[in-house]
Every structure is written in structure tokens, then in C-alpha cells.
Amino acid sequence: MTITEQPVRGWSPEAVVFDCDGTLMDTEQHWQDARIRAFHDFGLRPAPGFAERAKGVHYLACGRMMADEAGKPDLAPEITESLLSHFMDRVADDPVTMPGAAEFVHRLSGRLPLAVASNCPLTVVEQSLDRAGLLSCFRHIVVPGAPRPSGVTPEGGAFAEGVIRPKPWPDVYTTATLLCGARPERTLAVEDSLTGIESARRARLRVVGVGPQPPDGESAVDLWVPTLRAPQLLELDWVRGG
């Protein structure tokens with residue numbers, strides 16, 4: 001047991017909200033391939049460490065980062081368009097779920113309201129989950145750019161111009177929690193990136209981190225597991241159905 005695992009024991013969520021990329025779907029390699037191809041389209045090369053800096057970043061912000069770090073800020077719109085096009089091609093060709101993700105979702109489906117809070121475009125999320133046979137398990141999918149539902153006001157102020165903002169803003173998690181009819185403090189987020197964890201924490205959710213643990217990752221979550229089939233997760237009472 002980790003020092004952060006105890007708060008999750010003896011507690012059960014009213015809803016569970018999942019990130020998509022890197023949590024449910026194994027798309028990080030797709031994003032990496034798309035970034036490389038987009039750089040290549042414009043005769044550019046990524047700076048060292050760019051892949052790690054871009055992890056969990058909304059694709060619009062990623063396109064701007066790519067253009068700025070290459071010293072070509074004027075190319076941001078074109079690079080962003082190229083990035084998304086290459087990514088969607090890769091997802092269509094090779095949709096892959098993360099280890100244990102499908103089993104974990106099916107285990108909870110029908111017992112708890114489930115939602116997805118993602119920084120990806122809605123069509124990408126829906127296409128990925130549909131190809132994986134998971135789309136019907138989720139009551140709601142929340143992504144940036146949509147109008148905020150009436151009555152949703154995250155901790156710290158209202159949505160900018162009434163629009164759901166990307167992570168690390170709390171908007172996607174606040175909205176998903178409200179749509180599920182749950183209280184923030186009784187909602188669990190499942191995330192793989194520090195950007196997403198920050199978003200969920202700002203929305204006042206508890207968080208399970210999954211995947212390779214980044215520096216300081218454990219201190220940012222209630223529990224960190226290597227995969228969604230980890231025993232310390234599956235043995236929790238509310239996961240087992242107790």
C-alpha cells in the first residue's frame with residue numbers, strides 16, 4: 001500500500017470520470033507519430049524532450065508549442081491542422097485500449113455513472129471508444145470548446161466566455177461530474193498525466209493515477225497504479241461490488 005492509497009479505502013464514488021488518451025486508449029504513440037509527421041510536413045524537427053512536455057496538452061496548445069519551439073509561430077494554424085489530421089489517421093488505423101481498461105470499464109458499467117473528460121476533439125474520442133466497444137458504457141463525453149451546461153461554475157470562477165476550457169482548467173471534470181448527478185468530493189477521476197490530474201484536483205475530485213508514474217506523481221493522487229488491472233485497484237470494495 002502506498003501512503004496515498006488509504007484515503008480511497010472505505011470510500012466509494014458516486015460517479016467515475018475517465019480521461020481517454022493514455023488512460024482508456026493507448027494513443028500516446030499515435031500522438032508522437034502525428035507530431036513527428038507534422039514537424040516533417042514543414043521541414044522542422046522537435047526539440048529534445050518535446051514529447052514529454054506535450055503529454056496531456058490540448059492539441060491546439062500543442063500545435064502552438066510546436067510552432068513556437070521551432071521558431072515559426074506564424075505556422076501554428078497549419079501545424080495544428082496537420083497534427084490533428086495525422087493523429088486521426090493513426091487512430092482510425094490502429095485503435096488500441098490500455099491494459100485492463102476495457103475490463104475495468106465493463107466491471108463498473110451499469111453500477112455507476114461513467115463519463116469521459118478529454119482534451120481531444122469529440123469525434124476522436126467517440127471514434128476511438130466506438131472502435132474499442134466502449135462507447136455505450138459512458139453516459140457523457142465532455143471535451144473543450146462546447147458551451148458549458150447551465151449552472152456549472154467551477155471552483156475559482158465561471159467558465160471563460162461560457163465555453164468549456166481544456167485541461168488543466170477544471171471545466172471538463174466539473175461538467176462531467178454535474179452531468180453524472182454526482183458531488184465533486186464523491187467523484188473519482190482516472191488520469192495518466194499531470195495536466196489531467198491538475199484539472200481533476202481543481203474540480204475537487206479524488207484521483208487515481210495510472211501508467212508510468214512521473215516525478216511527484218504519487219503525491220498528486222489518492223492512488224497510483226501501473227495499469228487498470230492492478231490488484232490494489234481491483235480489490236477495493238466498490239470496484240468488487242461490495
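Computed over heavy atoms, backbone and side chain alike; hydrogens, waters and symmetry mates excluded. Keep in mind that what you see is a predicted model, and the values were worked out from it rather than measured.
Following chains of ILVMFWY side-chain contacts shorter than 4.5 Å, one cannot reach M98 starting from V96, and the two form parts of different hydrophobic clusters. Hydrophobic clustering (side-chain heavy atoms under 4.5 Å, transitive across Ile, Leu, Val, Met, Phe, Trp, Tyr) keeps I36 apart from L44. The cluster map of Ile, Leu, Val, Met, Phe, Trp and Tyr, joined by side-chain heavy atoms under 4.5 Å apart, puts V16 and V125 in the same cluster. Linking Ile, Leu, Val, Met, Phe, Trp and Tyr whenever their side-chain heavy atoms come within less than 4.5 Å puts V17 and I164 in one cluster. Both V210 and L129 sit in one connected hydrophobic cluster of ILVMFWY residues. Membership requires side-chain heavy atoms under 4.5 Å apart, directly or through other members.
Judged purely by atom type and a 3.5 angstrom limit, R111 uses its side chain to pair as donor or acceptor with the backbone of R107. Proximity of a side-chain donor or acceptor of T174 to a complementary backbone N or O of A203 within less than 3.5 Å is not detected. In this structure, R64 contributes its side chain and D68 its backbone to no donor-acceptor pair below 3.5 Å. Not a single donor-acceptor pair under 3.5 Å links the side chain of S85 to the backbone N or O of E81. Looking at R206, its side chain never comes within 3.5 Å of a backbone N or O of T187 through a donor-acceptor pair. Remark: the backbone N or O of E235 is paired with a side-chain donor or acceptor of R240 at under 3.5 angstrom. Panel note: side chain R201, backbone G196; no donor-acceptor pair is recorded below 3.5 Å. Judged by distance alone, the side chain of D171 and the main-chain N or O of R165 form a donor-acceptor pair under 3.5 Å.
When every heavy atom of C137 is checked against every heavy atom of V105, the shortest pair comes out as CB-CG1, 3.6 Å. In terms of heavy atoms, T27 sits closest to G22 at OG1-N, 3.9 Å. Taking all atoms of both residues into account, the shortest heavy-atom contact from V57 to R53 is CG2-O, 3.5 Å. A pairwise comparison of heavy atoms in A102 and L134 identifies CA-CD2, 4.0 Å as the closest pair. Considering all non-hydrogen atoms of both residues, A182 and A15 come closest at CB-CB, 3.8 Å. Of all heavy-atom pairs spanning L84 and P121, the tightest one is CD1-CG, 3.8 Å.
Contact of the V142 side chain with the L179 side chain is registered, since non-hydrogen atoms from C-beta on lie closer than 4.5 Å. Using a 4.5 Å heavy-atom threshold, the side chains of L228 and P99 count as separate. Residues P77 and T80 have side chains not in contact (no heavy-atom distance under 4.5 Å, counting atoms from C-beta outward). V116 is not listed as a side-chain neighbour of H140, based on a closest heavy-atom distance of 4.5 Å or more. Contact annotation: the side chain of L112 approaches that of P13 to within less than 4.5 Å [non-hydrogen atoms, C-beta and beyond]. Proximity of R37 to S82: side-chain heavy atoms (C-beta onward) are nowhere separated by under 4.5 Å. At least one side-chain heavy atom of S199 sits less than 4.5 Å from a side-chain heavy atom of V172. The side-chain heavy atoms of T177 and L205, taken from C-beta on, include a pair separated by under 4.5 Å.
Note that the CG atom of L24 and the CG atom of D192 stand 9.5 Å from one another [nearest 0.5 Å]. Note that the CD atom of Q127 and the CE atom of M25 stand 9.5 Å from one another [nearest 0.5 Å]. Atom CG of L194 is separated from atom CD of Q213 by 9.5 Å, given to the nearest 0.5 angstrom. Residue I141 holds its CD1 atom at 8.0 Å from SG of C20, rounded to the nearest 0.5 Å. Atom CZ in F87 sits 10.5 Å away from atom CG in D33 (nearest 0.5 Å). Note: F50 CZ to F39 CZ = 4.5 Å, rounded to the nearest 0.5 Å.
Within a 6.0 Å radius of NE2 in H40, no more than 12 heavy atoms belonging to other residues, nucleotides or ligands are found. Surrounding CD of E185 are more than 12 heavy atoms belonging to other residues, nucleotides or ligands, all under 6.0 Å away.
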Check against salt bridge (Lys or Arg N to Asp or Glu O under 4.0 Å), E198 and K167: CA-CA 8 Å; E198 180 183 349; K167 306 171 188 178; over 6 Å; no
Intermediate values then yes/no, side chain to side chain contact (heavy atoms under 4.5 Å, CB included), W11 and L236: CA-CA 9 Å; W11 175 87; L236 294 173; over 6 Å; no
Audit row: L114, L108, side chain to side chain contact (heavy atoms under 4.5 Å, CB included) steps and yes/no: CA-CA 8 Å; L114 304 182; L108 301 182; 4.0 Å; yes
Residue pair H86, D41: steps toward the side chain to side chain contact (heavy atoms under 4.5 Å, CB included) verdict: CA-CA 10 Å; H86 284 305; D41 285 347; 2.7 Å; yes
I197 and W224: CA distance, side-chain angles, deciding distance, side chain to side chain contact (heavy atoms under 4.5 Å, CB included) verdict: CA-CA 11 Å; I197 290 168; W224 198 287; 3.5 Å; yes
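Across C120, S193, S128, a single residue satisfies side chain to side chain contact (heavy atoms under 4.5 Å, CB included) together with D21, and that is C120.
Taking the six-membered ring where the residue is Trp, W31 and Y59 present parallel rings, their angle staying beneath 30° rather than reaching 60°.
Salt bridge present: E14 and R183 bring a charged side-chain N and a carboxylate O closer than 4.0 Å.
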